[in-house]
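Following: one structure in structure tokens, then a few remarks.
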Amino acid sequence: MAALTGEALPRHAPLAPSAAGAPAAPGAEEVPKDGFGGRQLLAASPERVWQAILDPQNLQASIPGCETLAQRSASEYEATVKVGLGPLSVRFQSDVTLRDLQPPRSLTMVFVGQAGALGSGQGTARVRFEPTADGGTVLHWWVQVQLSGRLAQFGNRLVEASSRKLSEEFFERFGRVLGVPAGQLPPPLSPWRRLQGLLARWFSVFRK
């Protein structure tokens, strides 16, 4: 959702990394080499989350620094968002288009933001809604960001750090807008990390 700040993503991105070298399952998305993502636990059904995330009022309340947001059509929005980027406070005029809508499972947000003489950005955010056994939703998101013009001089690390912070804050706010508790989930453990955990528990038995 940092996408709505006017920062950009060059291509479609998957929603969660897969094991290196593992063959892709039929219909599975390929993992990009750049970008970042996360998972958010929401105590609401995917259907309710889907309806809420498309509501302009909910979006404006959730986006950090969003001054205005208007819906031009069923799949197009325009927003004015003021964000901090390094030492600057930058105001973006952004156009957002929704694509690949598969209610209530997933959607893609493509955006273009203009910051006047400072430059511009464009990009893509992918969001997927996974139902849980207790009626909640795990919201998976993956974002790629790229800036042009003077803004690009801030470097990839600063841009990603700012975008990640904005994305995480968006989903925290979105959970509050829904009126349900929201919590960020840790990333999935790699096979090596799971093995380390099992070995640690096994050795703890012999130390007792």
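Interatomic distance, Arg99 CZ to Arg126 CZ, rounded to the nearest 0.5 Å: 11.5 Å. Between Phe171 atom CZ and Leu42 atom CG the span is 8.5 Å, to the nearest 0.5 Å. Summarising the geometry, atom OG1 belonging to Thr108 is positioned 9.0 Å from atom CG belonging to Leu98; distances are rounded to the nearest 0.5 Å. For the atom pair CG (Leu54) and CG (Leu59), the distance works out to 7.5 Å, reported to the nearest 0.5 Å. From Met109, atom CE reaches atom CG of Asp100 across 12.5 Å, with rounding to the nearest 0.5 Å. Ser75 OG to Leu107 CG: the interatomic distance, rounded to the nearest 0.5 Å, is 11.5 Å.
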For residues 148-155, run the donor-acceptor check on the side chains, cut-off 3.5 Å, and write out each pair with its distance to 0.1 Å, sequence neighbours left out.
unit_1	atom_1	unit_2	atom_2	d
Ser148	OG	Ser120	O	3.2
Ser148	OG	Ser120	OG	2.9

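Take Glu67 and apply the salt bridge (charged side-chain N to carboxylate O under 4.0 Å, His left out) test, not counting sequence neighbours, and it matches Arg91. Residues forming a side-chain hydrogen bond (donor to acceptor under 3.5 Å, both in side chains) with Thr132 (at least two apart in sequence, or on another chain): Asp134. In this view, Gln102 and Arg105 satisfy the side-chain hydrogen bond (donor to acceptor under 3.5 Å, both in side chains) rule, not counting sequence neighbours. A search for side-chain contact (heavy atoms from CB on, under 4.5 Å) contacts involving Gln51 returns nothing, not counting sequence neighbours. Every residue was checked against the side-chain hydrogen bond (donor to acceptor under 3.5 Å, both in side chains) condition with Ser89, not counting sequence neighbours, and none meets it. Residues that satisfy the salt bridge (charged side-chain N to carboxylate O under 4.0 Å, His left out) test with Glu47, not counting sequence neighbours, are absent from this structure. When the side-chain contact (heavy atoms from CB on, under 4.5 Å) test is applied to Pro131, the partners found at least two apart in sequence or on another chain are Pro46. Scored by the side-chain contact (heavy atoms from CB on, under 4.5 Å) test, Glu130 finds Arg128, Val138, His140 as partners (sequence neighbours excluded). In this structure, Asp55 has no side-chain hydrogen bond (donor to acceptor under 3.5 Å, both in side chains) partners at least two apart in sequence or on a different chain.
Contact between Gln60 and Leu69 at its shortest, heavy atoms only, is OE1-N, 3.7 Å. For Pro64 against Val81, the heavy-atom pair with the smallest separation is O-CG1, 3.5 Å. In terms of heavy atoms, Asn58 sits closest to Ala52 at ND2-O, 3.1 Å. Considering all non-hydrogen atoms of both residues, Trp141 and Arg39 come closest at NE1-N, 4.0 Å. In plain terms, the two heavy atoms of Phe92 and Gly113 that are nearest each other are CD2-C, 4.2 Å. Across every non-hydrogen atom of Thr137 and Ala44, the tightest pair is OG1-O, 2.6 Å.
Counting only distance, with no hydrogens or angles, the side chain of Gln71 and the backbone of Ser73 share a donor-acceptor pair below 3.5 Å.
Each ring-ring contact (aromatic ring centres under 6.0 Å, His included) pair with one or both residues in residues 41-67, not counting sequence neighbours, appears once here: Trp50-Phe129. Among residue pairs with one or both ends in residues 72-87, those qualifying as salt bridge (charged side-chain N to carboxylate O under 4.0 Å, His left out) are Arg72-Glu78, Arg72-Asp95; sequence neighbours excluded.
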